[in-house]
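Presented below is the structure to which this report refers.
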Amino acid sequence: MLLAAVAGGVGCARRESDRTEAAAAGEAQPFGLRGRVLPAALPKPELVLTDTRGMAFDLRRETSGYLTLVFFGYTSCPDVCPIHMANLGAVLRDLRPSVRERIKVVFVTTDPARDTPERLRTWLDNFDRTFIGLTGDSATINAAQRALYLPLPQIGPADSAGSYEVGHAAAVVAFTPDDSARVMYPFGIRQADWANDLPKLLEIRWTE
Amino acid sequence: MAAGWVGLGGAMVVGAVILACGAPGSVPSAAVTVADAYAAEPLSRETGAVYLTIENAGSRPDTLLGASTPIAAMTHLHRMAGPGTAQMRSQEVAEVPAGGSLRLRPGGLHLMLLSLTSQPRAGDTIDLTLRLQHAGTLAVRVPVVSYLEVGERAAVGEPVNPR
């Protein structure tokens, strides 16, 4: 299965490496990964927030042993957030169920003032009904981003309608089943890159 | 002809704009033209985003001053700032260099539509009017595409977040 995916993707990979920063960086990556492999693994941060059912959600406990894709963003985001989520939703739909069931996607809001559990659920359902949405207090959310060396969110100025935008890290963080962050997926990563990497992230035996 | 479509109903506007523009997304025999316009299918009525390229074949720079569309109460130009972040800065205007182009694209400079009056779906077309300092107003028909397609387009071309 892996071999077929690698062989089938070679032609595309070359073209994409010319065209995307992410894939270009991926050319020198170990295991043929298209995401950016971190120089050192990072532990899954301790993070307890509120999920879209309004229940406490302990990231470490609820996602232990899963390939866990964590993204910090917000539902009013014009392109980076919905593109990442749409790509993941589409790619996960095409995975074999035995692969798909080993992956969890967690969307943590950087805009807790507006992103209520209900709003997160409605927005995430555009992409996949199983995507986990988390909200809570900013200090807790920021601490998790700091632990992952992500730039902290910045609330932009409100316009005359009271609408504002939120600057945030543009990368999806992949925690492999050993509960370590190993690879980051910057904005610009494509469906083909995810389809290439996700099965590998479940199989790779990291040496450190 | 441009004045003719102002009072027309929504269904008629599209046809009138075709006549005014010659071809969708371009203005014949003008130094400044618009290409590759598309909008992301909005997920709510709060915001939408439009991407396009303004090409300036002329010998003097032009400036994009603003834009309007019947489907949004307001439009803003935004730019992402800083590598690796989606931090957005509002900006008033953007230059279209002489003999060059201004590219609005996902992850970069983009036109935000705010407070939508309707929520177009993928496959629909929205009307957009760009206002430039020298070229005046340009009417553009903008196809609406899904975020999956926006994502594919986002990954084409030079790297995002070049600075």
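Note that the structure is a prediction, hence the values are computed from the model and not measured. Just so we're on the same page: letters track the sequence lines, and every chain starts at 1.
- Annotation: side chain of B:Leu43 is in contact with side chain of A:Phe127 (closest heavy-atom distance under 4.5 Å).
- Considering only heavy atoms from C-beta on, A:Trp123 stays 4.5 Å or farther from B:Ser44 through its side chain.
- Residues B:Thr47 and A:Ser76 come closest through the heavy atom pair OG1-O, 3.7 Å.
- Taken to the nearest 0.5 Å, the CD atom of B:Glu46 stands 6.0 Å off from the CZ atom of A:Arg114.
- Between chain B and the options A:Ile83, A:Leu150, A:Thr122, heavy-atom pairs under 4.5 Å are most frequent for A:Ile83.
- Other residues, nucleotides and ligands contribute over 12 non-hydrogen atoms within 6.0 Å of the CD atom of B:Gln133.
- Counting heavy atoms from C-beta outward, B:Tyr147 and A:Asn87 have side chains that stay 4.5 Å or more apart.
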